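Note that the structure is predicted; figures quoted are calculated from it, not measured. Excluded from the calculations below are hydrogen atoms, water molecules and symmetry mates; all remaining heavy atoms, backbone and side chain alike, are included. So that the names make sense, note that chain A is the first sequence line, chain B the second, and so on, each numbered from 1.
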There are 2 protein chains.
Amino acid sequence: MTWDLKSDRPLYTQLIEQIELKIFSGTYPPGSRLPSVRDMAQEASVNPNTMQRALAKLEEDGLIITHRTSGRSVTEDKEMIKNSKSKLARDQISEFIEKMQMLGFEKQETLILITEMLEEIKK
Amino acid sequence: MTWDLKSDRPLYTQLIEQIELKIFSGTYPPGSRLPSVRDMAQEASVNPNTMQRALAKLEEDGLIITHRTSGRSVTEDKEMIKNSKSKLARDQISEFIEKMQMLGFEKQETLILITEMLEEIKK
DNA sequence: ATCATTGTATTAGTCACTTAATACAGTGGT
DNA sequence: ACCACTGTATTAAGTGACTAATACAATGAT
């Protein structure tokens with residue numbers, strides 16, 4: 001359970017992203033209970049207030065549910081989790097394509113480049 | 001000459017990226033003179049200090065050259081520009097692949113997804 | 001020679017983010 | 001009934017990014 005936090009962006013936004021990833025990847029399965037705010041904050045070496053802020057946003061999005069005095073849990077709605085994950089993936093892809101286009105690489109070129117790099121990695 | 005600035009990251013880092021893009025794409029050709037700090041700042045609706053900060057970093061990287069009292073220009077070293085561009089492209093790609101992997105998509109899946117999305121866009 | 005323009009530097013103030021130290025009310029197990 | 005734990009709220013302080021308003025020395029055109 002590693003938390004990879006950099007200083008180039010607000011911590012709470014990075015926390016949101018990484019908790020999302022833990023949910024999408026199954027590290028935090030649907031319906032499972034989350035550690036307490038204080039515990040998660042300590043795990044990520046972050047102030048409880050900052051973790052609280054990230055969790056509040058995730059609840060607003062419906063990914064996690066808060067039980068006022070007895071902790072939080074991941075939503076049981078697997079369909080919703082799946083959709084959120086797909087949307088994030090699509091966003092990543094179009095953002096990537098856009099950046100490559102700004103760099104002057106056409107869609108076809110981009111595809112060739114990424115294929116080549118994947119081949120190299122395989123070795 | 002549009003400047004697309006958001007508030008989710010420090011402005012000066014976004015300025016660096018966008019000026020790089022203008023150099024890589026030929027909007028600012030090799031050896032060409034750049035507008036003054038003040039002009040560029042006004043163009044981007046940003047404080048001159050902030051633009052100055054971005055330009056200082058680009059000079060540090062060698063992409064632009066400062067003539068103390070008579071303005072700035074893009075480096076004439078086309079090879080260096082080309083290499084910087086390639087490096088940026090490779091970084092974008094590996095960063096993208098990494099993100100997709102964290103989302104649980106294997107390299108092959110990622111390739112399929114991106115191909116599909118490119119097909120859709122073509123329509 | 002004059003003068004607008006250049007990059008650069010300094011100082012001060014504002015704002016968002018983050019930390020720190022508490023405090024409180026409700027819950028659940030003992 | 002007690003008590004540790006839960007999420008939540010508040011206040012104060014510190015930090016980095018950004019803006020604003022200047023100032024200065026050097027250049028280049030006139």
Problem - Residue closer to the 5' end of DNA chain D, A:Asn49 versus A:Leu55 (nearest nucleotide) - result: A:Leu55

Practice task
Determine whether the side chains of B:Ser73 and B:Arg33 contain a donor N or O and an acceptor N or O closer than 3.5 Å.
Solution key: no

Practice task
Establish, from distance only, whether the side-chain atoms of B:Trp3 and B:Glu43 form a donor-acceptor pair under 3.5 Å.
Solution key: yes

Could you tell me how far apart [X] ([atom1]) and [N] ([atom2]) are, to the nearest whole angstrom?
| X | N | atom1 | atom2 | result |
| --- | --- | --- | --- | --- |
| B:Asp39 | C:dA4 | CG | P | 16 Å |
| A:Asn47 | C:dT22 | CG | P | 13 Å |
| A:His67 | C:dG29 | NE2 | C1' | 18 Å |
| A:Leu5 | C:dT19 | CG | C1' | 15 Å |
| B:Met51 | C:dT8 | CE | P | 14 Å |
| B:Gln52 | D:dA21 | CD | P | 18 Å |
| A:Ile16 | C:dC17 | CD1 | C1' | 13 Å |
| B:Arg33 | D:dA29 | CZ | P | 9 Å |

Whether [X] contacts [N] is assessed here as follows: a side-chain N or O lying under 4.0 Å from the phosphate OP1 or OP2. Is that the case?
| X | N | answer |
| --- | --- | --- |
| A:Ser70 | D:dT6 | no |
| A:Arg68 | D:dT8 | no |
| B:Thr69 | C:dG7 | no |
| B:Arg53 | C:dA9 | no |

Practice task
Without swapping roles, check the side chain of A:Gln14 against the backbone of A:Arg9 for a donor-acceptor pair under 3.5 Å.
Solution key: yes

Problem - Under 3.5 Å: donor-acceptor pair, side chain of B:Lys85, backbone of A:Leu103 - result: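 Yes: the side chain of B:Lys85 pairs with the backbone of A:Leu103.
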
Which one, [options], comes nearest to the side chain of [X]?
| X | options | result |
| --- | --- | --- |
| A:Arg72 | C:dG7, D:dG28, D:dT8 | D:dT8 |
| A:Val37 | C:dT8, D:dG7, C:dT6 | D:dG7 |
| B:Thr50 | C:dC17, D:dT19, D:dA17 | D:dT19 |

Practice task
Please indicate whether B:Glu109 has more than 12 foreign heavy atoms, meaning atoms of other residues, nucleotides or ligands, lying under 6.0 Å from its CD.
Solution key: yes

Problem - Touch class at under 4.0 angstrom, heavy-atom based, for A:Arg38 against every strand present - result: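 Base contact.
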
